[in-house]
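If you're wondering where the values come from, they're calculated on a predicted model, not measured in any experiment. For the single chain, residues carry numbers from 1 onward in sequence order.
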Amino acid sequence: SKGQTIVATVDAETLDFPVDPVVQLLDEKGNSVVDVDDTGKNRDVVISHTAKADGTYRLTVTDRYRRGSPRGWYRLTVRPDEPDFELT
């Protein structure tokens, strides 16, 4: 929904998998909204995006070097950007 912020993470290197993820967020028309290769010092990716319009978005994950293998795994997590704990 418009104004909603999501956080998407792709973990591969931290799980000791050889995938170098490239993540792309596409809008309903197929236009790239966000395109991220690496975040920080490792190959894993974190995206935080606030929707500018209502609609259906698509998240794609590919391997930068297009290497397929039985160890070509990754963990994708998509969640609303909201606190997951509270300090009192």
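- Applying the side chain to side chain contact (heavy atoms under 4.5 Å, CB included) criterion to Leu15, with sequence neighbours excluded, gives Asp11, Phe17, Arg75.
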Please determine whether side chain to side chain contact (heavy atoms under 4.5 Å, CB included) holds for the pair Val46 and Val36, giving the CA-CA distance in whole Å, both sets of side-chain angles, and the decisive distance to 0.1 Å. CA-CA 8 Å; Val46 178; Val36 178; over 6 Å; no
Only pairs under 3.5 Å count here: list side-chain donor-acceptor contacts from residues 2-10, not counting sequence neighbours, and write none if there are none.
unit_1, atom_1, unit_2, atom_2, d
Gln4, OE1, Ser1, N, 3.4
Thr5, OG1, Thr50, OG1, 2.6

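- When the shell of 6.0 Å around CZ of Arg79 is examined, it contains more than 12 heavy atoms from other residues, nucleotides or ligands.
- Remark: Asn42 engages Glu13, Thr14, Asp44 in a side chain to side chain contact (heavy atoms under 4.5 Å, CB included) (not counting sequence neighbours).
- Rounding to the nearest 0.5 angstrom, the gap separating the OH atom in Tyr57 from the CG atom in Asp54 is 8.0 Å.
- Contacts of Asp81 classified as side-chain hydrogen bond (donor to acceptor under 3.5 Å, both in side chains), with partners at least two apart in sequence or in another chain: none.
- Every side chain to side chain contact (heavy atoms under 4.5 Å, CB included) that Asn31 has, sequence neighbours left out, goes to Asp27, Lys29.
- Transitive grouping of hydrophobic side chains (ILVMFWY, heavy atoms separated by less than 4.5 Å) brings Leu76 and Val34 into a common cluster.
- Contact detail for Ala12 and Val19: the closest heavy-atom pair is CB-O, 3.5 Å.
- Counting heavy atoms from C-beta outward, Val61 and Val45 have side chains that stay 4.5 Å or more apart.
- Transitive grouping of hydrophobic side chains (ILVMFWY, heavy atoms separated by less than 4.5 Å) brings Tyr74 and Val23 into a common cluster.
- Hydrophobic clustering of Ile, Leu, Val, Met, Phe, Trp and Tyr side chains at less than 4.5 Å, counting indirect connections, unites Val33 with Val78.
- Residues that satisfy the side chain to side chain contact (heavy atoms under 4.5 Å, CB included) test with Glu28, not counting sequence neighbours, are Thr56.
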